Engineer: 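Here's a structure for you.
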Number of protein chains: 2
Amino acid sequence: MKKYNISVEATLEVIGGKWKPVILCHLIHGKKRTGELKRLIPNITQKMLTQQLRELEHDGIINRIVYNQVPPKVEYELSEYGDTLSEILSSLCLWGEKHIIKKYGDTKDYLEDSVLNH
Amino acid sequence: MKKYNISVEATLEVIGGKWKPVILCHLIHGKKRTGELKRLIPNITQKMLTQQLRELEHDGIINRIVYNQVPPKVEYELSEYGDTLSEILSSLCLWGEKHIIKKYGDTKDYLEDSVLNH
DNA sequence: TCCTTTAGGTACTTTTTGGTGCCTACAGCA
DNA sequence: TGCTGTAGGCACCAAAAAGTACCTAAAGGA
């Protein structure tokens with residue numbers, strides 16, 4: 001029975017770390033296959049990706065959808081509970097864009113183009 | 001010149017990590033002296049506290065106010081730019097509270113009482 | 001004189017986190 | 001038969017983050 005000093009610690013336990021917010025920001029735009037996520041997050045390793053996905057699944061934030069076929073097909077999506085985070089995640093993305101603009105004047109040279117950034 | 005794959009990475013560079021969100025969540029309620037922060041965040045070490053405060057100051061998120069007196073007195077507050085994060089920070093705290101309730105049924109036994117949690 | 005108070009610097013160690021390389025399963029196809 | 005594609009497990013190693021212990025300054029008071 002852990003005691004938190006401030007409630008944000010509980011949030012960080014679930015979505016803290018280097019990769020989880022990135023993964024979740026991709027998932028707010030719809031479900032993704034493992035390989036898609038790997039392409040969207042070029043610097044993540046297979047190990048880190050599956051490790052973080054397992055933890056998010058364990059905390060009820062995402063659903064893992066397994067299709068019984070060969071070669072395997074697995075999709076990940078925000079769960080209903082994970083949806084309660086989507087506003088926060090969007091705000092985090094938006095703030096990041098504004099921060100890049102403030103720091104560099106423009107996002108063009110600093111932000112990979114993709115449907116996610118508009 | 002670093003390139004981000006997704007804008008949330010820029011946000012995490014500024015407010016990511018174990019301690020920064022906690023520190024900032026305390027500062028949204030007004031400026032605090034170093035020692036106050038240490039008391040509010042009992043598990044943080046002196047080193048981590050000042051290190052994180054330096055970085056937040058460097059990124060323009062907080063102001064460091066030094067009173068020229070002995071023994072020293074230093075206060076920290078959200079800067080104007082840091083204020084653009086306060087809505088996000090509040091949402092993170094709120095989500096954490098709801099998460100604790102979902103997980104444990106109640107916050108009473110799991111969350112330290114303080115002005116911050118209501 | 002020396003202790004107290006407050007903020008913070010620094011060298012070193014431990015813990016946590018992340019990365020690499022290699023392994024498996026198995027249907028379909030040449 | 002043997003190659004391809006997809007998801008992911010596992011042992012081991014490297015790097016980054018955090019913790020520990022100890023040090024400083026300087027005014028005021030006992």
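Chain letters run A, B, ... following the sequence lines, proteins first, then strands; residues in each count from 1. Keep in mind that this is a model prediction, so the values were computed, not measured.
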Engineer: Using whole Å, report how far CD1 of A/Ile44 lies from C1' of C/dG18.
Structural biologist: 10 Å
Engineer: Under 6.0 Å from the CD atom of B/Glu80, do we count more than 12 heavy atoms belonging to anything else shown?
Structural biologist: no
Engineer: Atom CD1 of A/Ile23 and atom P of C/dG18: how far apart are they, to the nearest Å?
Structural biologist: 10 Å
Engineer: Among A/Asp83, A/Leu85, A/Asn63, find the residue that satisfies the side-chain contact (heavy atoms from CB on, under 4.5 Å) test when tested with A/Leu78.
Structural biologist: A/Asp83
Engineer: To the nearest 0.5 Å, tell me how far B/Gln52 CD sits from B/Leu24 CG.
Structural biologist: 10.0 Å
Engineer: Polar-atom pairs under 3.5 Å, protein N or O versus N or O of nucleotides 5-14 of chain C: list them with distances, or write none.
Structural biologist:
unit_1	atom_1	unit_2	atom_2	d
C/dT6	O3'	B/Arg33	NH2	3.1
C/dT6	O3'	B/Pro72	O	3.1
C/dA7	OP1	B/Arg33	NE	3.2
C/dA7	OP1	B/Arg33	NH2	3.1
C/dA7	OP2	B/Gly35	N	3.2
C/dG8	OP1	B/Arg54	NH2	3.2
C/dG8	OP1	B/Arg64	NE	3.0
C/dG8	OP1	B/Arg64	NH2	2.5
C/dG8	OP1	B/Tyr76	OH	3.0
C/dG8	OP2	B/Thr34	OG1	3.3
C/dG8	OP2	B/Tyr76	OH	3.2
C/dG8	O5'	B/Arg54	NH2	3.4
C/dG8	N7	B/Gln46	NE2	2.9

Engineer: Measure the spacing between CZ of B/Arg39 and CD1 of B/Ile44 and express it to the nearest 0.5 Å.
Structural biologist: 14.0 Å
Engineer: Check the distance between C/dG18's C1' and A/Trp19's CH2 and give it to me in whole angstrom.
Structural biologist: 9 Å
Engineer: Quick one: B/Lys18 NZ to C/dT17 P, roughly how many Å, whole number?
Structural biologist: 8 Å
Engineer: When you measure from the side chain of B/Thr11 to the backbone N and O of A/Trp95, does any donor-acceptor pair fall under 3.5 Å?
Structural biologist: no
Engineer: Would you grab the first and last nucleotide of DNA chain D (5' to 3') that comes under 4.0 Å of any non-hydrogen atom in chain B?
Structural biologist: D/dA18 to D/dA27
Engineer: Nearest 0.5 Å, what's the CH2-CG distance between A/Trp19 and A/Leu53?
Structural biologist: 12.5 Å
Engineer: What are the two closest heavy atoms between B/His99 and A/Tyr81, and how far apart are they?
Structural biologist: ND1-OH, 2.5 Å
Engineer: Are any non-hydrogen side-chain atoms of A/Lys20 and A/Glu55 less than 4.5 angstrom apart?
Structural biologist: yes
